[in-house]
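The residues of the chain are indexed from 1 along the displayed sequence. Read the numbers this way: they start at 1 and go in the same order the structure lists the ligands and their atoms.
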Amino acid sequence: MKKQIKEHSLPSLKEAAKRSKEATKIIHEEITYSSRLLEFAKNRKYFIRTYGCQANVLDSEAIEGILQELGFVPVDDPLKSDLLILNTCAVRENAEDKVFGEIGSLKRLKDINPGAIIALCGCMVQQTHIVEQVKKSYPQVDLVFGTHNIFRLPQLLDEVVFDEKRVIEVLSKEGEVIEGMPLARSDRFKAFVNIMYGCDKFCTYCIVPYTRGKQRSRRVADILNECQNLVDNGYQEITLLGQNVNAYGKDLDPNLNFAKLLELVAKTGIARLRFTTSHPWDFSKEMFEVIAKYKNIMPCIHLPLQSGSDDVLRRMGRRYTVFHYRQLVDELKSLIKDVALTTDIIVGFPNESEADFEETLKMVRYCHFDSAFTFIYSPRVGTPAAKMEDNVSMEEKKRRFDRLVKVVEQEAEERAKRYINNVYDVLVEGTSKKRDDILSGYTETMKLVNFKGSKDLIGKIVKVKILESHTFSLIGELVSDE
Ligand code: SAH
Ligand code: SF4
Ligand code: F3S
């Protein structure tokens, strides 16, 4: 029998595009659980798959926090679960295709376990057309919720289980900051900490400002509390997260800025402090100074370039020029010793010419990036770039993409050579997938290192001498402390 749909609210891209000037509201949510849901959830199994960026990783940790408080226990195999959640990403079409493929193949779960619940959440379902498609063509999906209402999961699940309806609640409001959600951390030594949500930059190709809403900063005290707690619990590394960390605080208090926050977090004494993403547009002098001053702020900056052509940058709405970006890179390299630079690049933006593309290659060679994430432009419904004319064929875009990847890899390989014969601090994360006497960890510059050592070192920062370099990793040997 076909289940009825209960719609609390559907997403609207138009609503999501609105931005008010009001200061951010901070809301402390008291999460409550009905006794019947607590009874139902006890020892039932859940599986969650997370797509997309670190924002989704943290959202999944909040979802798992709620599920574990309810009594659900995690399983490794989706087909063994009673509750299966896909936390989705909408940034490119291939991310969405993967999710639709997965929902299709997970239909099997309902044959194995007819009572199983399938839920979709995350950025993809913040889009009107996707929710319509799910309603129409994917009856196996029982629950749809968005990025703004994770704290409502217990109420929504209660309805799915006890009203036996398909439940949809996706909000497109400008949003607040929700504090007080439990977090089931996925790592014992490294943690992400949200410092802000949403994005107001509206780069013309990007869906994120619509799926994540208005830029909202968390209060300094709430962030520091969370960081201090992590330090007290033995965490070695914190990464402060936001789509644009250098815009932090502007929506809360004009006297606040990211440099101030970064300094306060550095003073908690966390061994390694990172942040991502910093937009080239508002990277301040004060930020340079703080990064250079504190040894526990890692010399590793992710600075998305997107394109090396001024014309393409202008049409992307990035609000910086190639000249400005180069200046930033020069300053970073001169002020921060041994800094590693990483970036994001899009090829095949509408009407990108061969000359534009060559400018991008030139910039990759100029900046000597340690690594770069490279993407073929993917039109996103509702964004300005999706309406632009495009005279570049997909074949040409793919050819450019391959050319770009080659140059990026050459640069990365070249940069990796500087490690050889030097000794670096490495935070040991675990053993290699293939051999458990080989440890793996990361340098301060986020380079992966493999070396021989005992498992007792996991979670510690040790000294490793680098012997060999490859494009994506290094091979080293443990140096004793004496
Ligand atoms: N806030 C971050 C980016 C988040 S999205 C920033 O501004 O850097 C991560 C990356 O995905 C972007 O940097 C961009 O390179 C890529 N991206 C975003 N939208 C895209 C699209 N429509 N097609 C291809 N790549 C895209
Ligand atoms: Fe997207 Fe631009 Fe915002 Fe980054 S800054 S999330 S690319 S709109
Ligand atoms: Fe994807 Fe949403 Fe992150 S679209 S990249 S999961 S903010």
Side-chain angles (χ1 to χ4, degrees), residues 11 13 16-17 19 49-60 86-96 98-99 120-127 130 146-148 150 175 192 194-215 241-248 275-283 301-308 312-313 315-320 325 341-350 352 360 369 371-388 390 392 394 397 400-401 404 408:
L13 280 190
R19 293 293 185 267
R49 196 183 304 285
T50 309
Y51 300 84
C53 69
Q54 294 99 329
N56 262 13
V57 172
L58 260 182
D59 283 352
S60 286
L86 301 181
N87 189 6
T88 63
C89 170
V91 82
R92 282 169 294 275
E93 193 176 356
N94 57 4
E96 298 191 332
K98 269 192 233 154
V99 171
L120 272 190
C121 63
C123 286
M124 212 171 136
V125 300
Q126 289 291 139
Q127 306 170 98
I130 296 285
T147 58
H148 296 293
I150 291 170
F192 293 125
N194 270 323
I195 61 165
M196 61 209 295
Y197 303 93
C199 178
D200 288 348
K201 292 271 195 281
F202 287 100
C203 302
T204 57
Y205 51 82
C206 184
I207 195 70
V208 173
Y210 307 84
T211 62
R212 293 269 163 188
K214 184 177 140 103
Q215 179 185 300
L241 275 193
Q243 295 298 344
N244 278 300
V245 290
N246 17 15
Y248 171 78
F275 55 88
T276 197
T277 304
S278 31
H279 193 295
W281 180 12
D282 36 21
F283 209 106
I301 312 281
H302 186 63
L303 198 65
L305 168 67
Q306 312 301 2
S307 166
V312 174
L313 285 176
R315 292 190 296 112
M316 285 177 162
R318 291 291 287 180
R319 308 187 211 195
Y320 52 83
Y325 190 97
L341 287 180
T342 62
T343 199
D344 293 348
I345 298 169
I346 298 176
V347 286
F349 188 76
E352 178 192 66
T360 300
F369 293 115
S371 72
F373 295 106
T374 47
F375 311 104
I376 292 182
Y377 165 72
S378 167
R380 305 287 66 213
V381 173
T383 60
K387 296 185 199 91
M388 292 177 189
D390 191 356
V392 193
M394 190 43 96
K397 291 185 192 208
R400 287 182 193 167
F401 179 79
L404 174 66
V408 162

Under the 6.0 Å and 45° cation-pi test, does Arg92 pair with Phe375?
-> yes
Counting each atom of ligand 2 from 1 as listed, which ones have a heavy atom of Asn244 under 4.0 Å away?
-> 5 (S)
Compare all side-chain heavy atoms of Asn244 with those of Cys199 and state whether any distance is below 4.5 angstrom.
-> yes
Please identify which atoms of ligand 2 are closer than 4.0 Å to at least one heavy atom of Val208.
-> 6 (S)
Determine, step by step, whether Gln243 and Cys53 satisfy the side-chain contact (heavy atoms from CB on, under 4.5 Å) criterion, reporting the C-alpha distance in whole Å, the side-chain angles of both residues, the deciding distance to 0.1 Å, and the verdict.
-> CA-CA 10 Å; Gln243 295 298 344; Cys53 69; 4.1 Å; yes
Looking only at protein heavy atoms, which one is nearest to atom 1 (Fe) of ligand 2, and how far off is it?
-> Cys206 SG, 2.3 Å
State whether the side chain of Thr50 and the backbone N or O of Ser60 hold a donor-acceptor pair below 3.5 Å, judged by distance alone.
-> no
Is a side-chain donor-acceptor pair under 3.5 Å present for Tyr205 with Gln306?
-> yes
Residues that Lys397 engages under side chain to side chain donor-acceptor pair (under 3.5 Å), provided they are two or more places apart = Asp390
What protein N, O or S atoms come within a distance below 2.8 Å of atom 2 (Fe) of ligand 3, ordered by chain and number?
-> Cys123 SG
Sub-4.5 Å side-chain heavy-atom contact between Tyr377 and Glu352 | no
Side-chain heavy atoms of Arg400 within contact of Val392, under 4.5 Å | yes
Among Arg92, Arg380, Gln243, whose heavy atom sits nearest atom 7 (S) of ligand 3?
-> Gln243
If you count the atoms of ligand 2 from 1 in the order shown, which ones are under 4.0 Å from a heavy atom of His279?
-> 5 (S)
Atom 8 (S) of ligand 2 has as its nearest protein heavy atom Cys203 N, 3.3 Å
Tell me, which protein residue and heavy-atom name are nearest atom 3 (Fe) of ligand 2, and how many Å apart are they?
-> Cys199 SG, 2.3 Å
Do the side chains of Phe283 and Leu303 get nearer than 4.5 Å, heavy atoms only?
-> yes
Identify, with sequence neighbours excluded, every residue that meets salt bridge (charged side-chain N to carboxylate O under 4.0 Å, His left out) alongside Asp59.
-> Arg212
Do Tyr197 and His148 make the cut of ring centroids closer than 6.0 angstrom?
-> no
Can you tell me if Arg318 has a non-hydrogen atom under 4.0 Å from ligand 2?
-> yes
Whether Tyr325 and Phe369 hold their rings parallel, tilted or perpendicular, with breakpoints at 30° and 60° = perpendicular
Near ligand 1, which protein residues have a heavy atom under 4.0 Å away?
-> Val91, Arg92, Tyr205, Gln243, Thr277, Pro304, Gln306, Arg318, Asp344, Ile346, Phe375, Ile376, Tyr377, Ser378, Arg380
Of the protein's non-hydrogen atoms, which lies at the shortest distance from atom 7 (S) of ligand 2, and what is that distance?
-> Tyr205 OH, 3.3 Å
Would you say Arg318 and Pro304 make side-chain contact, with heavy atoms under 4.5 Å?
-> yes
Report, in ascending order of atom number, the atoms of ligand 2 lying under 4.0 Å from any heavy atom of Lys201.
-> 3 (Fe), 5 (S)
Can you name the one residue among Asp344, Thr343, Thr276 that meets side chain to side chain donor-acceptor pair (under 3.5 Å) with His302?
-> Asp344
Are the side chain of Asn56 and the backbone N or O of Thr88 linked by a donor-acceptor pair below 3.5 Å?
-> yes
In ligand 2, which numbered atoms sit nearer than 4.0 Å to a non-hydrogen atom of Pro209?
-> 8 (S)
